[in-house]
Structure formats: structure tokens, C-alpha cells
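Comments concern the structure below.
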Amino acid sequence: MLKKITSSELMLGMYVERLGRSWLDTPFWTRSFLLESPADLERIRSARLCEVWIDTTRGQAPQVAPPAAPPAPAVPPAAAATPAATNAAGPASKTGVAADAGPPRSRDEELAHARRLLERSRQAVQTMFDEVRMGKALSAAQAYELVDDIAASVLRGGNVLLGLARLKSADNYTYMHSVAVCALMTALARELGLAPEQVRSAGLAGLLHDIGKMAVPSAILNKPGSLSEAEFSSVRAHPAAGHRMLQEVGEIDPVALDVCLHHHEKLDGSGYPKGLRGEEISLFARMGAICDVYDAITSNRPYKQGWCPADSLRRMAGWRGGHLDAQLFAAFVKCLGIYPLGTLVRLQSERLAVVVGQAPGKPLTQPTVRVFFSIRAGTCIVPTLLDLAAPGCQERIVSTESAAQWRLQDIDRYWAGEPAVA
């Protein structure tokens, strides 16, 4: 039974179903948990929350009845699912797979929110994966909470979260890669017009697809040089290891199991671990292969720098038919745009710009860019926002460019942060 109390009435042994504020504004990475730590109890009490929802069937009930209050609903407005609502697709979503993403935000507000969400998601995935590494069982309910928040951001903010998720460092790659693939799988599933529960399944599969890497020694995962044959075999074993880990969860979504085991399969049969071909590979596993590869090749790794997003899509286009599903890849490109966020482009006017957005319904070849460099003058100029799809705009993209070739540093600040020049 769900019961609303104040933070001052909380006691150790109670099961917290939901704190009375946004997940991002609390010191906890999960909404629902058994309150066992005195330190956690003090942190909640110090926050002076007006309301806390507890589940008396999963923890201790209040010893003293709370003050009179308006009748509480059967479940709180954004509560996680009760066990009765759990099925093969996981606990019921608080938003119907982000069907209600909340009111629209300005681009700056969405960037700030996405940054916070990504950092909290990284912390959550790291905690979740570290617990798995230590032999603890994964909580599917907690994983779904992450999926729902990531999906809501993708629905509301378009490519903002997808672009920011690419900007990971080499040392947090394993955890942020899982968050990024979750976001990409959610976006691709929506682009394909899949049902809401399938979109949610795709997101969960993306979040957990690489959990088997917790069975691979960190020294191998972070090795800056070439792997030995034995080390490579260890890495190739991660899909099967992850599949075993997820099987121990119990009622885990079968889509997550499938993608975890088969996201390294290739259409021509050259993948692993089963060497499946063509239609032997499920739709979701083929989606997972595309999202996994894209995030891997665009991210900085211990042994290489990430490729430019647009260049990565061009290279992946050459792998269609043999390795990647051509129709799914076309939908994937439509999600990101031909020129994804952060792509450095050369304009017809001999200026350089960074892609900052793609308006819905506008041509993929005409994104919004921030112009910041004059090729003729060889110097930075006052950054200017330019919508290439605006009526009367005569400017166009003539090529993509390499920031290293132009000796430009930190070009992502022109779309992911405040410009260096006002």
C-alpha cells in the first residue's frame, strides 16, 4: 500500500517509492529504494521534503498516523510501477515511453537539463554495473527508470541529448556508451514508428547491451595499444557473459536479452558470437548493431580519437548490406541528420560553421549552423546563428571539414556551450 508522509516521519526500514521532487534534484540515482542507511535518512530529512511516498507492503509502516491531509490517489502522479504492473515489457512507464515529455524548453534549457541527466545517468549506470561486477543482481525496475528519463529527453529535445552523449571521455566510455546507445535506440525506434512498449524495450536493450563487459578486466577494456589474441577473445566473450547476467535477473525483457547477445552479429555472417546471417538477426539486434557502432566510432577511446559524426555516417554507409541493415541505417540517418550536431562544415561563403540543430520537417541538407571562422581571413569571427533552411537563405554547405586540419580546438563549445566570443 502506498502512503504519503513527510520526511520527518521517515524511519529506517521504510521502502521509499518516490521522493517529492524531480529525480535530478535529489542525491539518489534511483526513485525507489529500501531506506537502510542512517546517512541516507539524514540527507532526506535535511532536504525537508513536503511529501515522501512509501510502500508499506515492501517496508515498515509509520508508527504514528500522519496529520490529516486530502485523500491520496491510489498511486502518486509519477510513481514507478508496483509489482502487479510488471510484465515481460517491464514495469509500467510513468510516461508511456515519454509520451508526456513535459512542456517544451528553450534550447539552452534543454542543453542544461540534458547535461544533468547524462551525468546522473552515468553515475547510475556505473553504480548498477559495478554492483553486477561484484555479483549482485541487476534491478530491472531501476534500469527502466533511467530509460524513461532518457526517452523523455529525446522526445522533447530532439538531438540535443544524442549530441551531448557523444562527448564522452575515454575514462568513462563504458558507462556513457550504454547511456548513449539507449538514447540512440529510443530515437531510432521512434523513427521506425514502433509501438510505445517496443520503444521502451529498445531503450532498455541499448542501456544493457554491453553489461557483459563487466566480466572483462578493466586493463583490457582500457588498453591503449593492440590487444593480444587472448585479450581479444576475452572481449568477444562479453555478449554471452552479459546474456548470462541478464538471465539471472528473472523477468527481464526478452528484447534486452536478444540485443545483448547479438548486437555484434553482421548480415553477412561474419559477426559473433553465433555468426547469424540476414533475417536470422532480429530487428532489435540489427538496430543495436547500428547504434553501437555509431557511438563507438564517434567517441574518444583509449586507443583512438573519435571520428567526425558526418564522416562516421559516410563510412557506415559503405558497410550497408554486408554488415548493417540498409533500411534501418537510412532511418538512423534521418534521426541524426546527414550533418549531426557538432559536425564542422564549410559553407559556400568560405566560412566554417558547426551544426547546432536540425528543424523537424526541414531538409536534412539544410541544418541550423553557428558560423564562427573566416577561411579567407584565417581567423575566428563573431559567432552567428544561421538557419540554412530559412526562406531566402542563399548559403549552403559545400563540404565537411576536420577541426584538426584547421587547428581548431574545442569546436563543440559553439553548439554544446556558450560561444567563446559574444
Side-chain angles (χ1 to χ4, degrees), residues 31 75 77-102 104 117 121 138-159 161-162 165 178-209 243 246 249-263 265 267 276 278-292 294-295 324-336 360-361:
R31 291 183 180 82
V75 293
T82 61
T86 304
N87 53 35
S93 169
K94 68 180 189 302
T95 60
V97 193
D100 179 13
L117 175 58
S121 297
L138 174 78
S139 169
Q142 291 172 348
Y144 272 116
E145 289 179 354
L146 278 176
V147 171
D148 290 340
D149 286 310
I150 291 169
S153 183
V154 171
L155 175 61
R156 183 186 56 249
N159 288 351
L161 185 78
L162 302 181
S178 296
V179 175
V181 174
C182 171
L184 291 168
M185 286 285 281
T186 298
L188 179 54
R190 287 181 52 236
E191 181 64 37
L192 294 171
L194 300 184
E197 62 272 15
Q198 292 176 305
V199 176
R200 198 170 190 232
S201 292
L204 181 71
L207 188 72
L208 302 178
H209 79 289
H243 189 260
L246 293 183
V249 174
E251 293 187 4
I252 191 69
D253 193 319
V255 171
L257 283 168
D258 174 48
V259 174
C260 181
L261 185 60
H262 297 305
H263 65 277
E265 303 285 1
L267 296 183
L276 302 181
E279 294 301 319
E280 293 177 337
I281 309 170
S282 73
L283 167 68
F284 289 100
R286 282 178 276 152
M287 291 166 58
I290 292 172
C291 297
D292 175 68
Y294 175 79
D295 187 67
L324 306 175
D325 185 292
Q327 289 185 321
L328 293 181
F329 180 72
F332 184 73
V333 172
K334 191 173 180 182
C335 285
L336 298 179

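Here the structure is a predicted model, which means the values were calculated and not measured. Side chains are part of it too, since the values below use all heavy atoms of this structure and drop only hydrogens, waters and symmetry mates.
- Taking Ala183 as the reference, Ile150, Val154, Leu161, Leu162 meet the side-chain contact (heavy atoms from CB on, under 4.5 Å) condition, with sequence neighbours excluded.
- Residues Leu276 and Glu265 approach most closely at N-OE1, 3.0 Å, considering heavy atoms.
- The shortest distance between side-chain heavy atoms of Met287 and Leu192 falls below 4.5 Å.
- Every residue two or more places apart in sequence or in another chain that forms a side-chain contact (heavy atoms from CB on, under 4.5 Å) with Ala285 is listed here: Asp258, His262, Ile281, Ser282.
- Listed for the Glu191 side chain is no donor-acceptor partner under 3.5 Å among the backbone atoms of Cys335.
- Using a 4.5 Å cut-off on side-chain heavy atoms (C-beta onward), Cys182 and Leu146 make no contact.
- Interatomic distance, CG of Asp253 versus CD of Glu197, reported as 10.0 Å (0.5 Å rounding).
- Put simply, the side chain of Leu283 does not reach to within 4.5 Å of the side chain of Asp325, judged on heavy atoms.
- Looking only at side-chain heavy atoms (C-beta outward), Leu267 and Leu324 stay at 4.5 Å or farther from each other.
- Residue Leu204 comes nearest to Ala143 through the heavy atom pair CD1-CB, 3.7 Å, listed as atom of the first residue, atom of the second, then distance.
- At least one side-chain heavy atom of Leu208 sits under 4.5 Å from a side-chain heavy atom of Ile252.
- For Cys260, the side-chain contact (heavy atoms from CB on, under 4.5 Å) partners two or more places apart in sequence, or in a different chain, are Ile211, Leu246.
- The distance from the CG atom of Leu188 to the CZ atom of Phe284 is 10.0 Å, given to the nearest 0.5 Å.
- Of all non-hydrogen atoms in Thr186 and Ala151, the two that sit nearest each other are CG2-CB, 3.7 Å.
- Surrounding CD of Glu280 are more than 12 heavy atoms belonging to other residues, nucleotides or ligands, all under 6.0 Å away.
- For the atom pair CG of Leu328 and CD1 of Ile290, the computed distance is 5.0 Å after rounding to the nearest 0.5 Å.
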Just do the side chain to side chain contact (heavy atoms under 4.5 Å, CB included) check on Leu184 and Leu336 with the steps written out, would you?
CA-CA 9 Å; Leu184 291 168; Leu336 298 179; 4.0 Å; yes
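- Side-chain contact check for Arg200 versus Asp148: some heavy-atom pair is nearer than 4.5 Å.
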